[in-house]
A.B. asks: 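Shown below is the structure under consideration.
When a ligand or atom number is given, it counts from 1 through the structure's own listing order. What's counted below: heavy atoms across the whole structure, side chains too, no hydrogens, waters or symmetry copies. Numbering starts at 1 and runs along the sequence shown.
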Amino acid sequence: MLQGKKVLLVVTGGIAAFKALDLVRRLRERGCGVRAVLTEAATQFVTPLSLAALTGEKVHTELFSLTDEAEMGHIELSRSADLVVIAPATANILAKLANGLADDLASTLLLATDKPVLAAPAMNVRMWEHPATQANLATLRARGTLFVGPNEGDMACGEFGPGRLSEPLEIVAAIEQIFGGYGPLSGKRAIVTSGPTYEAIDPVRYIANRSSGKQGHAIAAALARLGAETVLVTGPTQEPNPTGVTVHPIESARDMAEACTAALPADIVICAAAVADWHVVAQSEQKLKKDGKGKPPALKLAENPDILATIARAGKKRPRLVIGFAAETETVVEHAKAKRKRKGCDWILANDVSPDTGTFGGEANTVHLITAKTAEDWPRMSKAQVAEKLAARIAEHFSDTETK
Ligand code: CTP
């Protein structure tokens with residue numbers, strides 16, 4: 001997939017810069033050409049010489065280098081590759097890019113390029129969480145910059161949290177996905193719902209559930225990896241946006257329904273969100289106050305639209321494959337079979353969400369795939385594996401129905 005592709009790798013100055021060497025090695029193993037640019041700070045962590053040895057190319061560090069300009073101008077360099085990858089991407093380079101600063105070779109190239117840019121951020125957790133960094137990320141995402149990571153874990157500075165550079169193979173996978181564009185699901189459009197919904201009581205309180213969004217996000221990522229043009233409509237979660245997926249963040253079930261309708265038509269819809277069944281009628285515009293007499297406010301609830309059932313019964317606009325989840329705590333398969341019929345979907349993935357299974361919020365899932373004809377028990381596996389297996393089954397389904 002990467003054979004013959006060209007990547008311009010911008011290495012910025014962070015302790016994780018040493019991983020750029022392994023990234024180059026992994027890309028070269030796959031037949032991908034790499035040209036590297038280092039910021040001045042990056043040269044404190046890796047030497048131009050080691051990158052030149054691994055890339056087999058001249059490494060560029062300075063904007064005003066006459067020999068470089070004679071051989072290749074910085075504008076040309078910025079456009080010489082199919083993709084620009086910033087790894088590691090410091091808070092500083094993201095801030096520069098978000099604000100259009102161009103005061104060294106790396107930032108100038110990033111401003112001048114007309115190629116897609118993939119950034120793999122790495123920084124201290126507090127720097128990552130700082131509103132300035134988060135605002136820069138939002139700006140860059142809105143402009144189409146792609147991101148991989150950061151991962152959560154122990155950091156070189158002794159703290160714990162999000163901010164670790166993605167592993168080189170994760171960055172390679174993100175690059176492959178960008179170059180992918182083909183795969184068994186290319187030409188298909190998919191909509192995935194994920195996470196919980198928040199139903200507001202007043203401006204500060206809401207009703208929600210424990211869904212982490214891990215399963216829905218993993219499914220969206222797996223579909224995109226197989227080449228599907230994927231839209232993820234998600235309630236609030238801690239999960240990073242999957243690479244190569246268009247993400248629509250929402251809060252309430254009614255917003256989720258609206259975003260899904262707007263994203264139609266689609267070939268595939270997978271409703272993995274834990275949608276709240278009810279919303280609060282006449283949500284208070286002001287924060288509710290205690291009445292001083294110990295009488296709690298009476299919350300009047302009304303049913304939310306059933307997104308899955310609405311899409312499954314959309315008549316001519318009905319996607320060809322509509323898949324739901326059935327979160328159950330008892331007689332899982334029987335309840336799910338009835339739910340499949342009631343909702344009108346093609347397949348349903350039934351999972352036991354009793355507290356002792358650890359499914360809600362956890363890493364693993366035990367599911368049963370129920371179709372009109374069969375009920376299969378899948379072994380317990382990670383949510384990422386469930387997503388891979390489901391995406392592969394979907395690809396198989398389309399290849400079967402389209403060759404018939
Ligand atoms: N779902 C939806 N819209 C809703 C409620 C549920 O799209 N308003 C979808 C979920 O995303 C899931 C499926 O319907 O794919 C089943 O969700 P579940 O919570 O198991 O079922 P409910 O419809 O809520 O039924 P019950 O709570 O009565 O079991």
A.B. asks: Any ion pair linking Asp346 and Arg318 (charged N to carboxylate O, less than 4.0 Å)?
C.D. replies: yes
A.B. asks: Before you tell me yes or no, could you show the steps for Leu118 and Phe147 under side chain to side chain contact (heavy atoms under 4.5 Å, CB included), namely the whole-Å CA-CA distance, both residues' side-chain angles and the distance that decides it to 0.1 Å?
C.D. replies: CA-CA 5 Å; Leu118 171 71; Phe147 286 90; 5.6 Å; no
A.B. asks: Looking at Glu167, Glu170, Arg164, which one forms a side-chain hydrogen bond (donor to acceptor under 3.5 Å, both in side chains) with Asn151?
C.D. replies: Glu170
A.B. asks: Enumerate the protein residues lying less than 4.0 Å from ligand 1, judged by heavy-atom distances, in chain and residue-number order.
C.D. replies: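 Protein residues near ligand 1 are Cys271, Ala273, Val275, Asp277, Pro305, Asp306, Ile307, Leu308, Gly324, Phe325, Ala326, Ala327, Lys339, Lys343.
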A.B. asks: Using a strict threshold of under 4.0 Å (side-chain N to carboxylate O), is an ion pair present between Lys383 and Glu363?
C.D. replies: no
A.B. asks: Would you mind checking if Asp267 and Arg189 are paired as a salt bridge, meaning a charged N to carboxylate O distance below 4.0 Å?
C.D. replies: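 Judged by the 4.0 Å cut-off on N to carboxylate O distance, Arg189 and Asp267 do not form a salt bridge.
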A.B. asks: Between Arg28 and Glu57, does the salt bridge (Lys or Arg N to Asp or Glu O under 4.0 Å) criterion hold? Intermediate values first, please.
C.D. replies: CA-CA 12 Å; Arg28 298 268 288 153; Glu57 298 272 355; over 6 Å; no
